[in-house]
S.K.: 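Following this message is one structure expressed as structure tokens.
Values below: every heavy atom of this structure, side chains too, minus hydrogens, waters and symmetry copies.
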Amino acid sequence: MRVSNGVRLRTGAAFLRNEFFNMSIYRVSFWLNFIYTFLMMYSVGYVWRALYGANPTVTGVPLGEMISYAVLGVALEAILHPRNGPQRYIMEQVRKGTIEMDILKPLDFQFYMFAKNMGSILVRFLFLVLPSLIAAFFLFSLELPSLPAFCGFLCSLIFSVLISFFLNFILGLLSMVTMNIRNINWGYNALLRFFSGQMVPLWIFPSALGIIGSFLPFRCIYAIPMSIYIGNYEGMGMLWALGIQLAWILALWLGSRLLMRRVFARVMIQGG
């Protein structure tokens with residue numbers, strides 16, 4: 001069914017309000033996430049200071065840039081971690097046997113999941129990521145990027161959110177077939193942690209692991225936006241990195257649409 005832009009905007013606004021109210025209700029969870037973020041920022045900052053004390057050239061970039069990279073990775077976890085993706089909702093609906101109610105809504109299922117997820121991410125960005133980064137500027141020596149790097153970072157961050165959504169959405173579709181993706185989700189989380197460059201920058205990986213990581217989409221989620229922020233990608237290098245992210249967005253969108261069609265056909269056949 002074709003949905004007008006006005007309906008899409010109203011749907012997105014409705015989910016945004018819903019997520020805002022949810023965060024207002026679960027205040028204890030919000031403050032626990034906030035405290036966790038600060039503890040992790042302090043921990044990664046302390047670890048990198050200790051490593052630089054033993055070897056000032058361990059990563060090939062100045063200590064200030066490395067701390068900014070690490071602190072930024074902790075802050076962005078609030079919107080980029082898989083636990084905040086749509087696959088958990090889809091898996092729970094499959095478990096309860098009510099996923100058909102979502103599929104039969106007069107909205108494209110992928111857009112429905114996207115609007116629901118983006119409402120959550122926007123609220124988390126405004127109330128977790130931004131306050132964390134402001135506090136990190138004063139408490140953890142977070143360095144500010146140049147204007148071109150900042151603009152490139154914002155564009156890259158939007159791309160990384162889209163890539164993260166499509167990967168998580170594909171996992172959710174798999175749960176309709178396997179009925180349970182806990183083990184798959186665990187493996188996905190492990191690969192994401194290792195190859196995304198969230199805590200350890202990919203440019204210090206051994207050459208073999210670096211080559212493997214370059215063929216996976218995970219570096220597009222953390223490593224590319226964070227590297228742009230600290231100035232590792234500039235000029236044509238930045239445009240090339242953004243192009244890689246855009247290529248993955250197109251590939252994952254197409255793959256998710258094809259998979260959704262196959263999965264829905266199977267669900268309809270099994271459901272009669």
Side-chain angles (χ1 to χ4, degrees), residues 34-81 125 128-161 163-164 191-245:
F34 203 71
I35 293 171
Y36 164 81
T37 299
F38 276 93
L39 290 176
M40 285 297 296
M41 284 181 174
Y42 176 80
S43 298
V44 297
Y46 178 84
V47 168
W48 282 112
R49 285 189 178 94
L51 290 174
Y52 270 75
N55 182 4
T57 62
V58 63
T59 66
V61 299
L63 175 60
E65 290 184 6
M66 190 61 243
I67 291 180
S68 297
Y69 181 99
V71 167
L72 192 61
V74 173
L76 294 181
E77 184 174 326
I79 60 174
L80 296 177
H81 195 280
F125 181 80
L128 283 175
V129 176
L130 279 183
S132 299
L133 292 179
I134 293 172
F137 173 75
F138 294 102
L139 301 177
F140 304 108
S141 303
L142 178 69
E143 296 184 354
L144 295 179
S146 63
L147 182 58
F150 181 71
C151 293
F153 166 73
L154 289 181
C155 183
S156 181
L157 182 60
I158 293 172
F159 287 172
S160 68
V161 168
I163 291 170
S164 177
L191 288 173
L192 177 62
R193 285 282 189 182
F194 190 77
F195 285 109
S196 68
Q198 179 190 7
M199 297 297 180
V200 180
L202 297 179
W203 65 78
I204 67 174
F205 275 32
S207 58
L209 290 177
I211 292 173
I212 294 174
S214 67
F215 286 99
L216 298 174
F218 305 123
R219 65 177 178 137
C220 297
I221 298 176
Y222 284 102
I224 289 181
M226 290 158 54
S227 296
I228 290 176
Y229 183 93
I230 66 172
N232 267 19
Y233 291 125
E234 296 179 321
M236 292 303 298
M238 183 193 302
L239 294 178
W240 176 254
L242 293 173
I244 292 174
Q245 286 184 294

S.K.: Looking only at heavy atoms, which two atoms of Q245 and I163 are closest? And how far apart?
M.R.: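 Closest pair (atom of Q245, atom of I163, distance): O-CD1, 3.7 Å.
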S.K.: Say whether, by atom type as modelled, one donor and one acceptor occur between the side chain of S227 and the main chain of I224 under 3.5 angstrom.
M.R.: no
S.K.: Centre-to-centre under 6.0 Å for Y42 and F38, is that the case here?
M.R.: no
S.K.: Would you sort out whether Y222 and E77 count as a side chain to side chain contact (heavy atoms under 4.5 Å, CB included), showing the intermediate values?
M.R.: CA-CA 9 Å; Y222 284 102; E77 184 174 326; 3.9 Å; yes
S.K.: Which pair of heavy atoms, one from R219 and one from I244, lies closest together, and at what distance?
M.R.: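 Closest approach of R219 to I244: NH2-CD1, 3.4 Å.
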S.K.: Once you round to the nearest 0.5 Å, how far does CD of Q198 lie from CZ of R193?
M.R.: 5.0 Å
S.K.: For L142 and L133, run side chain to side chain contact (heavy atoms under 4.5 Å, CB included): C-alpha distance rounded to whole Å, both residues' side-chain angles, the deciding distance at 0.1 Å, then the answer.
M.R.: CA-CA 8 Å; L142 178 69; L133 292 179; 4.1 Å; yes
S.K.: Using 0.5 Å steps for rounding, measure from the CG atom of L202 to the CD1 atom of I212.
M.R.: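 If we round to the nearest 0.5 Å, L202:CG and I212:CD1 are 12.0 Å apart.
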S.K.: Yes or no on side chain to side chain contact (heavy atoms under 4.5 Å, CB included) for L157 and L76, after CA distance, side-chain angles and deciding distance?
M.R.: CA-CA 9 Å; L157 182 60; L76 294 181; 3.9 Å; yes
S.K.: Rounded to the nearest 0.5 Å, what separation is found between the CZ atom of F195 and the CG atom of L209?
M.R.: 5.5 Å
S.K.: Taking all heavy atoms of P225 and all of C220, pick out the closest pair and write down the distance.
M.R.: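 Nearest pair, atom of P225 first, then C220: CD-O, 3.7 Å.
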S.K.: Does any part of the side chain of L72, heavy atoms only, come nearer than 4.5 Å to the side chain of F153, both counted from C-beta?
M.R.: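 Side-chain contact under 4.5 Å: yes.
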S.K.: Of the non-hydrogen atoms in G197 and Y69, which two are nearest, and what is the gap between them?
M.R.: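 What the structure gives for the nearest pair is O-OH, 2.5 Å.
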S.K.: Return the CG to OG distance between L80 and S160, rounded to the nearest 0.5 Å.
M.R.: 4.5 Å
S.K.: Could you tell me whether the side chain of S156 and the main chain of G152 form a donor-acceptor pair under 3.5 Å?
M.R.: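 Judged by distance alone, no pair lies under 3.5 Å.
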S.K.: Between the side chain of S132 and the main-chain N/O of A75, is any donor-acceptor distance below 3.5 Å?
M.R.: no
S.K.: Give the minimum heavy-atom separation between A149 and M238, together with the two atoms involved.
M.R.: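 Looking at all heavy atoms of both residues, the closest pair is CA-CE, 4.1 Å.
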S.K.: Relative to each other, are the rings of F194 and F205 parallel, tilted or perpendicular (30° and 60° limits)?
M.R.: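 It falls in the tilted class, 30° to 60°.
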S.K.: If you round to the nearest 0.5 Å, how far is CH2 of W48 from OG1 of T59?
M.R.: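 One finds 6.0 Å between OG1 of T59 and CH2 of W48.
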S.K.: Under the side chain to side chain contact (heavy atoms under 4.5 Å, CB included) rule, what do L216 and L191 come out as? Steps first, then yes or no, please.
M.R.: CA-CA 10 Å; L216 298 174; L191 288 173; 5.6 Å; no
S.K.: Taking atom OH of Y52 and atom OG1 of T57, what is their separation to the nearest 0.5 Å?
M.R.: 8.5 Å
S.K.: Just wondering, do P201 and M226 contact through their side chains at under 4.5 Å, heavy atoms?
M.R.: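 No - every pair of side-chain heavy atoms lies 4.5 Å or more apart.
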S.K.: So, do L154 and I158 sit near enough that their side-chain heavy atoms are less than 4.5 Å apart?
M.R.: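 No, every pair of side-chain atoms sits at 4.5 Å or beyond.
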S.K.: Flag the pair I230 / E143 as yes when at least one side-chain heavy-atom distance between them is below 4.5 Å, and no otherwise.
M.R.: no
S.K.: State, to 0.1 Å, how close V71 and V44 come at their nearest heavy-atom pair, and which atoms those are.
M.R.: N-CG2, 4.4 Å
